[in-house]
Amino acid sequence: MIHDGYIALFRENEALFQQNLPVWRKQMRNDAVVSLQNQNKATFADAYALDYGLNPQRLPFKGNPFSLFMCDIPGITTYNYLVLNDSFYAQPNLPALPAGVVICSLAQAFVQHADLLQPYISQLALQNPDVALNQLLAQDGMFLYVPDGVQLERPIQLVNMMYGTVDMMAVSHNVAIIGENAKAQVLVCDHAYGSEVSYLSNRLTQVFVGKNATYEHYKLESSSEKTTNVSTLQITQQEGSQVLSNLITLANGQTHNRVEVNLNGKGAHLSINGLGLGHNTERIENHTFINHNVDGATSNELFKYVLDYQAECDFYGLIKVLPDAQQTQAFQINRNLCLSKTARMFTRPQLEIYADDVKCNHGSTVGQLDENALFYMRARGIDPDEARMLLMFAFVHDVLDNVRIEPLKDRLQLLIERRLRGDKTHCNGCKICR
Amino acid sequence: MLEIVNLHAEVNGKEILRGINLSVKAGEVHAIMGPNGSGKSTLSAVLAGHPAFTVTQGSVTFNGKDLLAMPAEERSRAGLFLSFQYPVEIPGVSMVNFMRAAVNEHRKYKGQDPLTAGEFLKLMRAKKDIVELDNKLANRSVNEGFSGGEKKRNEIFQMAMLEPCLSILDETDSGLDIDALRIVANGVNQLKTPQNASIVITHYQRLLDYIVPDIVHILYKGRIVKTAGRELVAVLEEKGYDWIKQEVGE
Ligand SMILES: Nc1ncnc2c1ncn2[C@@H]1O[C@H](COP(=O)(O)OP(=O)(O)O)[C@@H](O)[C@H]1O
Ligand SMILES: [Mg+2]
């Protein structure tokens with residue numbers, strides 16, 4: 001569908017899309033229409049070219065949606081939530097959250113916490129077509145609020161599940177507000193049901209990290225070859241905040257991850273990491289935009305890809321250091337391992353520096369497995385396949401070093417190893433994939 | 001144990017080995033000497049099964065089996081060990097994981113169960129002492145950041161772990177100071193039994209003061225041009241390789 005189609009869909013169901021929303025959010029829908037109308041039809045993302053069905057009615061799932069998925073990461077205890085297609089569900093009987101913490105449906109938050117949301121959401125720029133489309137059509141998602149000084153000891157797990165029997169599209173919008181000196185870890189898992197149906201998801205996540213707060217965001221995708229996943233992650237960091245972001249794509253169809261981080265306070269630190277394992281004809285894109293807007297912030301970026309078969313992957317990383325952002329330290333590395341001649345890697349690391357007293361560098365490499373190392377291992381009796389595994393694992397292991405939830409790290413090791421060995425990587429807990 | 005007959009090998013279309021004949025029996029130590037570029041490392045690479053080299057003629061029998069028909073990993077499991085002239089650095093693969101994979105493959109080949117983590121670490125500790133290898137090295141990546149001497153000691157450590165039947169030491173002395181040389185030679189001598197054999201490749205006499213060969217060969221332009229007892233080492237030391245060139249009529 002071209003954007004006119006989405007606008008028409010919105011107009012036909014306008015009452016539904018606009019119900020229970022504050023005036024300013026309704027206005028954003030209309031602004032999104034204008035933004036989409038201004039998009040160049042030719043360049044409007046290829047992802048939207050097909051006509052996937054959208055379900056504006058959002059008919060609720062019959063039965064317990066959590067029966068679809070049970071995370072089985074050993075030793076992990078999380079606050080567990082689900083966005084099934086386009087609707088938020090909280091797991092029944094969750095343990096009580098610390099005082100003041102809110103985790104609820106965004107649709108509900110627009111009713112109950114509209115004033116809290118307004119200063120954050122209403123600022124959202126709508127020029128980007130993915131964001132505009134999201135804001136035109138999103139009706140739900142997760143809202144997370146952690147008040148000042150509250151430290152969540154347990155990670156929050158949000159499972160985005162695509163589930164349908166016919167081709168379909170789902171749109172969701174998540175918002176996280178992390179107060180001053182607060183702490184939260186969020187694990188987002190993108191999954192898809194079955195291998196026959198084509199899915200398109202467009203997910204926007206906005207995270208606001210307060211002064212001296214600590215926030216970790218893990219995004220893990222293990223979906224299907226017929227899934228197109230467009231996701232935008234926006235993070236705004238205040239003074240002294242520490243953010244860790246990991247984007248790990250184990251199995252997918254077409255994935256476009258866009259991450260925008262604004263470092264708006266002195267002493268803010270960002271560590272952003274990613275791993276893409278591209279098989280078959282998978283396409284994995286990670287586009288990151290890191291803006292050093294003030295002085296004395298630091299960022300460290302590491303993205304790695306392992307490509308096999310006809311995989312096509314893409315890394316774009318722009319670090320922008322504004323004129324006032326003196327004493328910035330920004331480092332960016334992208335390394336890629338191409339295992340087949342037919343796999344293709346595109347990489348564009350970029351630095352734009354407008355301040356003079358900064359330490360920045362970036363680098364990018366595309367290579368193959370080291371033949372000398374392979375022979376050395378074989379000469380010690382190690383099976384060639386095992387030797388390749390050891391080398392591939394060595395290649396990706398520093399991304400795993402940045403996973404700070406130990407049970408998740410252990411599980412990722414296993415999933416990555418399985419994927420590198422060519423097995424399907426679906427979590428065992430995903431009942432529908434078994 | 002090892003029988004090489006008329007071995008010819010080439011790399012990138014260039015013939016390097018031009019008819020090697022060599023016979024090694026259990027309990028023997030052979031030295032192969034020769035000037036740079038004569039094909040010593042090529043011979044060891046061909047024996048170890050390096051895919052870059054193509055054998056064009058000849059045969060190699062190892063304990064009754066056709067060595068050239070075996071892939072590199074199987075040659076290792078069958079008891080052949082090559083100490084590399086240039087050990088390879090493998091960033092991100094720890095010595096422990098590397099060695100455990102190797103040891104367990106060898107055990108599987110012999111029909112033995114894999115070692116438990118505890119048994120394996122115990123074995124590593126015992127074998128490290130043979131070459132006075134630092135404890136810390138075990139936790140580091142294979143050869144990464146090792147000094148020249150540490151790399152060579154690491155080779156001998158691996159040899160101690162795998163207990164090969166035939167070991168080929170390619171210039172294991174190069175780049176070693178006298179202390180390291182003594183440690184390496186000591187290690188090799190400790191591992192010597194009447195059942196195994198070694199081929200020591202070097203172009204200096206130095207190492208052969210410590211590892212005393214039974215038989216000495218001179219390799220020149222891809223052929224063994226002279227074979228004698230250990231007294232040949234002293235002759236070479238005195239007269240240098242020019243003497244060989246004259247002997248073969250150049
Ligand atoms: N990969 C290769 N490609 C081309 N020539 C090679 C290669 N490896 C070795 N050679 C050549 O083979 C000859 C013998 O080399 P080598 O076996 O390393 O000698 P040595 O170990 O006796 O010094 C040299 O002329 C060297 O340049
Ligand atoms: Mg050599």
Side-chain angles (χ1 to χ4, degrees), chain A residues 248 273-275 277 302-306 333-339 341 363-403 409-410 412-414 416-421, chain B residues 44-53 70-110 140-144 151 154-155 157-164 167-168 170:
Chain A
I248 297 176
N273 312 279
L275 174 67
L277 304 181
L302 174 69
F303 274 81
K304 288 193 163 182
Y305 293 74
V306 181
I333 294 175
N334 168 234
R335 293 202 195 294
N336 311 295
L337 192 57
C338 270
L339 301 176
K341 287 203 168 71
S364 166
T365 57
V366 182
Q368 284 85 43
L369 283 180
D370 180 353
E371 288 295 330
N372 288 322
L374 265 181
F375 177 65
Y376 189 71
M377 291 198 262
R378 290 179 60 199
R380 297 297 178 251
I382 300 174
D383 207 70
D385 286 342
E386 194 58 34
R388 271 183 215 108
M389 267 305 303
L390 284 169
L391 287 180
M392 287 191 279
F393 223 86
F395 177 77
V396 303
H397 103 281
D398 51 358
V399 177
L400 278 178
D401 287 347
N402 288 308
V403 174
K409 185 174 175 166
D410 294 344
L412 277 171
Q413 291 216 350
L414 188 85
I416 290 170
E417 184 174 331
R418 272 208 240 154
R419 189 59 174 163
L420 291 176
R421 285 190 198 281
Chain B
S44 57
V46 168
L47 293 177
H50 196 294
F53 299 87
M70 301 156 96
E73 58 277 11
E74 204 180 315
R75 299 182 195 196
S76 165
R77 295 170 201 162
L80 184 106
F81 180 87
L82 170 62
S83 167
F84 283 60
Q85 180 171 3
Y86 304 108
V88 181
E89 298 194 8
I90 315 180
V93 177
S94 73
M95 272 305 294
V96 176
N97 285 344
F98 169 67
M99 254 1 272
R100 186 167 36 221
V103 166
N104 284 334
E105 292 273 15
H106 281 245
R107 292 180 65 86
K108 193 162 95 191
Y109 187 78
K110 292 185 202 137
R140 301 233 310 254
S141 293
V142 177
N143 291 321
E144 193 188 28
K151 283 182 183 164
N154 190 18
E155 294 293 289
F157 160 69
Q158 293 172 39
M159 175 178 155
M161 291 290 288
L162 299 175
E163 298 180 331
S167 43
I168 304 166
D170 189 3

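Quick caveat, the model's predicted, so the values are computed rather than measured. Letters A, B, ... are given to chains in the order of the sequence lines, protein chains preceding strands, and every chain is numbered from 1.
When each of B/Gln158, B/Glu74, B/Met161, B/His106 is scored by its heavy-atom pairs under 4.5 Å with chain A, the top score falls to B/Gln158. The candidate with the highest count of non-hydrogen atom pairs below 4.5 Å against chain B, out of A/Arg380, A/Arg378, A/Glu386, is A/Arg380.
Close approach to chain B, defined as a heavy atom under 4.5 Å from one of its heavy atoms, is seen in A/Ala394, A/His397 of residues 392-402 of chain A, taken by number.
Contact of B/Pro71 with chain A is made through backbone and side chain together, with heavy-atom distances under 4.5 Å. Residue B/Asn104 does not touch chain A at all, counting heavy-atom pairs closer than 4.5 Å. If you measure heavy-atom distances from B/Val103 to chain A, you find no contacts under 4.5 Å at all.
The backbone N or O of A/Gly363 sits nowhere less than 3.5 Å from a side-chain atom of A/Asn334 that would complete a donor-acceptor pair.
Residue B/Tyr86 qualifies as open at atom OH: its count of foreign heavy atoms under 6.0 Å is 12 or below.
Applying the side chain to side chain contact (heavy atoms under 4.5 Å, CB included) criterion to B/Glu144, with sequence neighbours excluded, gives B/Glu89, B/Pro91, B/Ser141.
For residues 363-374 of chain A, no pair satisfies salt bridge (charged side-chain N to carboxylate O under 4.0 Å, His left out), with sequence neighbours left out.
Electrostatic pairing of B/Arg77 and B/Glu73 does not count as a salt bridge here, judged by no charged N lying under 4.0 Å from a carboxylate O.
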Pairs under 3.5 angstrom only: tabulate donor-acceptor contacts from the side chains of residues 93-101 of chain B to other protein residues two or more places apart or in another chain.
residue	atom	partner	partner atom	Å
B/Ser94	OG	B/Asn97	N	3.1
B/Asn97	OD1	B/Arg100	NH2	3.0

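Note that the CD1 atom of B/Ile168 and the OG atom of B/Ser83 stand 10.0 Å from one another [nearest 0.5 Å]. Between the CD1 atom of A/Ile416 and the CD1 atom of A/Ile248 there is a distance of 5.5 Å, given to the nearest 0.5 Å.
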